[in-house]
Chemist: 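Mind looking over this structure? Questions follow.
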Amino acid sequence: MINAFKELIQEEVEKAVEKAKEEIRAQAQAEMEKAKEEIRAQAQAEMEKAREENRKQTIRSYFIEGGDDNAFIAKVMHTSLEYVQNVRNEMVNTPLQV
């Protein structure tokens, strides 16, 4: 009888340990997925920021090279006339740094 009781307790302990392991695995997996998503989002934001700066720099280059047709630049850059004008205004309002 005592052996049967010990076996029953041992089975319950093993089940509890296995359940705890599964919960820990699931929590760790969820945390890893969250971390991966955060890294992915951060990388995407950084890439978008770099693309935006590249676009602005290209528009600035058109102006520096003597381009003055905002509509043409907007068409070539596949952007709005307002965006091009904003870049031009930034150039006018920002002193050159040497």
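Side chains included, hydrogens not; waters and symmetry mates left out as well; all remaining heavy atoms used.
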Chemist: Is it true that Lys34 and Glu31 have a side-chain N and a carboxylate O under 4.0 angstrom from each other?
Modeler: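 Glu31 and Lys34: not salt-bridged.
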
Chemist: Counting neighbours of CD on Glu82 that are heavy atoms of other residues, nucleotides or ligands and sit closer than 6.0 Å, is the number greater than 12?
Modeler: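 It does not: Glu82 CD has 12 such atoms or fewer within range.
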
Chemist: Can you tell me how far apart CD (Gln85) and CD1 (Ile59) are? Round to the nearest 0.5 Å.
Modeler: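 Interatomic distance, Gln85 CD to Ile59 CD1, rounded to 0.5 Å: 11.0 Å.
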
Chemist: Under 4.5 Å between side-chain heavy atoms, hopping through other hydrophobics if needed: is there a path connecting Val76 to Val84?
Modeler: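 Yes.
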
Chemist: Salt-bridge test for Glu53 and Arg60: reply yes if a basic N is under 4.0 Å from a carboxylate O, no otherwise.
Modeler: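 Answer for the salt bridge query: yes.
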
Chemist: Measuring from atom CD1 of Ile73 to atom OG1 of Thr58, what distance do you get when rounded to the nearest 0.5 angstrom?
Modeler: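 That separation rounds to 11.0 Å.
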
Chemist: Side chains of Arg55 and Tyr83: closer than 4.5 Å at any heavy-atom pair?
Modeler: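 Yes; the side chains approach each other to less than 4.5 Å.
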
Chemist: Answer yes when Arg51 and Glu48 have at least one side-chain N-carboxylate O distance shorter than 4.0 Å, and no when they do not.
Modeler: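 Looking at Glu48 together with Arg51, the answer is yes, because their closest N to O distance falls below 4.0 Å.
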
Chemist: Between atom CG of Asn70 and atom CZ of Phe63, what is the distance when rounded to the nearest 0.5 Å?
Modeler: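 Separation between the atoms: 4.5 Å.
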
Chemist: With a 4.0 Å cut-off on N to O distance, would you call Glu52 and Lys49 a salt bridge?
Modeler: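 No, no charged N to carboxylate O under 4.0 Å.
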
Chemist: Would you confirm whether Asn54, through its side chain, and Ala50, through its main-chain N or O, come within 3.5 Å as a donor-acceptor pair?
Modeler: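 Looks like no, no N/O pair under 3.5 Å.
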
Chemist: Tell me whether Glu22 is salt-bridged to Lys19, with the criterion being a basic N under 4.0 Å from an acidic carboxylate O.
Modeler: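 No.
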
Chemist: With a cut-off of 6.0 Å (strictly less than), are more than 12 heavy atoms of other residues, nucleotides or ligands near CD of Glu14?
Modeler: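 Yes, enclosed.
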
Chemist: State yes or no: do Phe72 and Met77 share one hydrophobic cluster built from I, L, V, M, F, W and Y residues joined by side-chain heavy-atom distances below 4.5 Å, directly or via other members?
Modeler: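 Yes, Phe72 connects to Met77 through the hydrophobic network.
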
Chemist: What do the steps show when you test Met91 against Ile64 for side chain to side chain contact (heavy atoms under 4.5 Å, CB included), and what is the final call?
Modeler: CA-CA 10 Å; Met91 289 177 69; Ile64 290 168; 3.9 Å; yes

Chemist: Shared ILVMFWY cluster between Val13 and Phe5, side chains joined below 4.5 angstrom?
Modeler: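 Same hydrophobic cluster.
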
Chemist: Between Glu38 and Gln42, does any side-chain donor sit less than 3.5 Å from a side-chain acceptor?
Modeler: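 Their side chains do not contain a donor-acceptor pair, so the 3.5 Å distance test is not met.
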
Chemist: Is the positively charged end of Arg88 above the ring of Tyr62, judged by distance under 6.0 angstrom from the centroid and angle within 45° of the axis?
Modeler: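 Here Arg88 fails the 6.0 Å and 45° test against Tyr62.
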
